[in-house]
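Notes follow once the structure below has been shown.
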Amino acid sequence: MRHITNHEIAGLLNEMAVLYDMEGVPFKPRAYEKVAQNVEALDREVADIYKEGGVEALRREIPNVGEGIARHLEEILKTGTFGELKKYKKKVPVKLDELMGIGGLGPKSIRTLYVKLKIKNVKELERAARANKISKLPHFGAKSQEKILKGIAFSKKHVGRFLLGAVDPIARVIEERLKRVSGVGHVTTAGSYRRRQETIGDIDILVSIRGQATSVSGLATKRIMDAFVHMPEVARVLAHGPTKSMVRLKSGIQCDVRVVPEQSYGAALQYFTGDKTHNVETRKIAIKKGLKLSEYGLFRGKRMVAGRTEEEVYRALGLKWMEPELRTASGEIEAARAGKLPKLIPYGSLRGDLQTQSNWTDGNNSIAEMARAAMAAGLEYIAITDHTRSLAMTGGLDERGLARQGKEIDAFNREFTDDSSQFTVLKGTECNILKDGKLDLADSALKTLDLVCVAVHSHFNLSEREQTERIIRALKHPLVNILFHPTGRKIGKREPYAVDISKIIRAAAQYGVALEINAAPERLDLKDLHIREAVEAGAKLVIDSDAHAAAHFKWLDFGVAQARRGWATRADVLNTLPCEGFLKTLRGLKKR
DNA sequence: GCCGTTTTCGGCCCGACTGTTTTCAGTCG
């Protein structure tokens, strides 16, 4: 049986949902989407569940899977796809993933474009739009055509890059595979992956061979390269040489491996980790000192003066070693020379998570399940922050719903104070900021909560002035503690709404509101530059997973990475504090 | 297609916005 991941299975189910939508089939699309979401959030492989208990186990273990979808899942596990999907694909044979990625295009429009103009992919879509053919279709007009062209331009900017959150698990698996090859010394993924950038262009892995100090060759290097190009993740081998191989992975991303001598390993790491500008700067410093810096080492004439470790290379340049996240030529070199590098917030240092959604609204899991998952992830507290009433699609809570939820949280906490483990569930909300900057819940309800968090979920296209004023009005509210995902962007999908983020940062500092760094791989909002601005303005930060399922707590470190790239220290991030101290500090901000 | 049940069929989060229309279809959250 061919191995197929949960992510791939979810992809197929989502595709089916879109195809049903196209044909106007009622209700089935939502059913498939639900299962896709549940599969994605599962903490074990669908393949394993099936292996253990067959179709019955699939129905039992995966919510919303019934007779029909269980059969499809079985077929997917055996053949990689399923008949119903193939049947519908034949009706509208278009590149769905491509076309659905264009903002404003949905299933119905894609179907019309295919039926009327035989448009199958983005290239043909662009050609038709430029030839002014789309504006003439029924229910399309000049504005829709314009919007499509804008959507294409936006998606082009992001082509070829992958979310860190999507690349991370793949890179880890490959690193592990390479480490198991006999004779292998170090294995490190360098590049934008090591800098923990939001998106990754390709995976660059550096490998050394034990005992090969000054040059690389022979059986050991051949073994590692052979192992690399024959990995099950590989779709196509682009190059297969003795010291460098390149492959295209099934997930679409390119992955390169280089074998370097142990003596040059630090220099190679340095060379392949910094971004272009950082490397230009460091090489200039070398030149000034009469040295030459390359991926093979730091040289004076032919003599190598450093190269085995990064520390050695930086020290020889008169610099302190610096964290990979800082290496973007944005002040880190000056700081390293002056010994004034920030002490970045360490990975794994978060004790709480202030944005989690439960099945009271659009989350997958109960409050108790979320709490247990958070405990397992090493956290000491979480806030349950379900949506509020004006976000109708999630079944947002009104004052009465929130009060009922509060009772469930109280009951859970009572149960757990008896327990030896110390864990607290805080009462929170992700309260909508209404169009005029007022909040979606009455103060009387907000007062019953441990913390009040607010967010924009509607009216994305106000003018910058209106949007900024709207948000600041919410920040001024005396009960508001945290602003969630402050710019609303979704990487590669949606631009941030027009907002003067500097004004928001200053207002947050002034009115004692913490700004969120949302760690969800697709959001990572605030972004690095804004984090740095917030740190400099003295605004406080929190890092949240925005978990909608128990499995999402693993995202927190992506938020920490983002904070690190924004030069944030432990002291800047409030949820590095234990629960009591966190609440005290958060409330203290309002009184200043 | 799934779920829940007053079990084997009826209901399925819904409201706003946009651009197309002149009463609504499609998309988004």
| request: Determine the sole option in Asp362(A), Thr361(A), Asn359(A), Asn365(A) for which the side chain to side chain donor-acceptor pair (under 3.5 Å) test with His548(A) is passed. | output: Asp362(A)
| note | Quick note, ring-ring contact (aromatic ring centres under 6.0 Å, His included) partners involving residues 104-134 of chain A, not counting sequence neighbours, are none
| field | salt bridge (Lys or Arg N to Asp or Glu O under 4.0 Å) contacts touching residues 54-71 of chain A (sequence neighbours left out) | value | Arg44(A)-Glu61(A), Glu67(A)-Arg71(A)
Please tabulate the protein-to-nucleotide N/O contacts below 3.5 Å involving nucleotides 3-5 of chain B, giving atom names and distances.
unit_1 : atom_1 : unit_2   : atom_2 : d
dC3(B) : OP1    : Asn64(A) : N      : 2.9

| task | Could I get the full list of ring-ring contact (aromatic ring centres under 6.0 Å, His included) partners for His457(A), not counting sequence neighbours? | result | His387(A), His485(A)
| With sequence neighbours excluded, what pairs up with Phe582(A) under the ring-ring contact (aromatic ring centres under 6.0 Å, His included) test? | Tyr381(A)
| request: Just grab all the salt bridge (Lys or Arg N to Asp or Glu O under 4.0 Å) pairs involving residues 460-469 of chain A, residues at least two apart or on different chains. | output: Arg465(A)-Glu469(A)
| task | Go along nucleotides 24-29 of chain B 5' to 3' and tag each nucleotide: B for a protein heavy atom under 4.0 Å from its base, S when only backbone or sugar atoms are that close, - otherwise. | result | -SSSSB
| query | Between dG15(B) and Ser390(A), is there an OP1 or OP2 to side-chain N/O distance shorter than 4.0 Å? | reply | no
| note | As its Watson-Crick or G-U partner within any shown strand, both distances under 3.5 Å, dG26(B) has dC17(B)
Side chains of residues 500-507 of chain A: which donor-acceptor partners sit under 3.5 Å, not counting sequence neighbours?
unit_1    : atom_1 : unit_2    : atom_2 : d
Asp500(A) : OD1    : Ser502(A) : N      : 3.2
Asp500(A) : OD1    : Lys503(A) : N      : 3.2
Ser502(A) : OG     : Glu533(A) : OE2    : 2.6

| task | Figure out the CZ/P separation between Arg30(A) and dC13(B), and round it to whole Å. | result | 10 Å
| task | Rounded to the nearest angstrom, tell me the gap between atom NZ in Lys143(A) and atom C1' in dT20(B). | result | 11 Å
| remark: Separation of dC13(B) atom P from Gln37(A) atom CD, nearest Å, is 13 Å
| Those residues that, when tested against Phe553(A), pass ring-ring contact (aromatic ring centres under 6.0 Å, His included) (two or more places apart) | none
| note | Checking dT20(B), dC17(B), dG1(B) against the side chain of Ala31(A) (C-beta onward), the nearest is dG1(B)
| task | Would you kindly give the CZ-to-C1' distance between Phe140(A) and dT21(B), to the nearest whole Å? | result | 14 Å
| Starting at CG of Asn359(A) and ending at C1' of dC13(B), how long is that distance when rounded to a whole Å? | 14 Å
| query | CG of Leu137(A) versus P of dT20(B): gap in Å, rounded? | reply | 11 Å
| remark: The reported gap from CG in Asn364(A) to OG in Ser358(A) (rounded to nearest 0.5 angstrom) is 10.5 Å
| task | Determine which pairs satisfy ring-ring contact (aromatic ring centres under 6.0 Å, His included) with at least one residue from residues 86-105 of chain A, sequence neighbours left out, and list them in order. | result | Tyr20(A)-Tyr88(A)
| request: Assign Asp362(A) to base, sugar-phosphate, or nothing according to its heavy-atom contacts below 4.0 angstrom with the strands shown. | output: nothing
| query | Is the base of dT7(B) syn or anti, if syn means a glycosidic angle within 90° of 0? | reply | syn
Under 3.5 Å, which donor-acceptor pairs link side chains of residues 444-452 of chain A to any protein atom two or more places apart or in another chain?
unit_1    : atom_1 : unit_2    : atom_2 : d
Thr448(A) : OG1    : Ala445(A) : O      : 2.6
Asp450(A) : OD2    : Lys427(A) : N      : 2.7

| request: Quickly work out the Glu33(A) CD to dC13(B) P distance and round it to whole Å. | output: 12 Å
| message | Give the residues of residues 14-28 of chain A touching DNA chain B, defined as any heavy atom closer than 4.0 Å, sorted by residue number. | response | Tyr20(A), Phe27(A), Lys28(A)
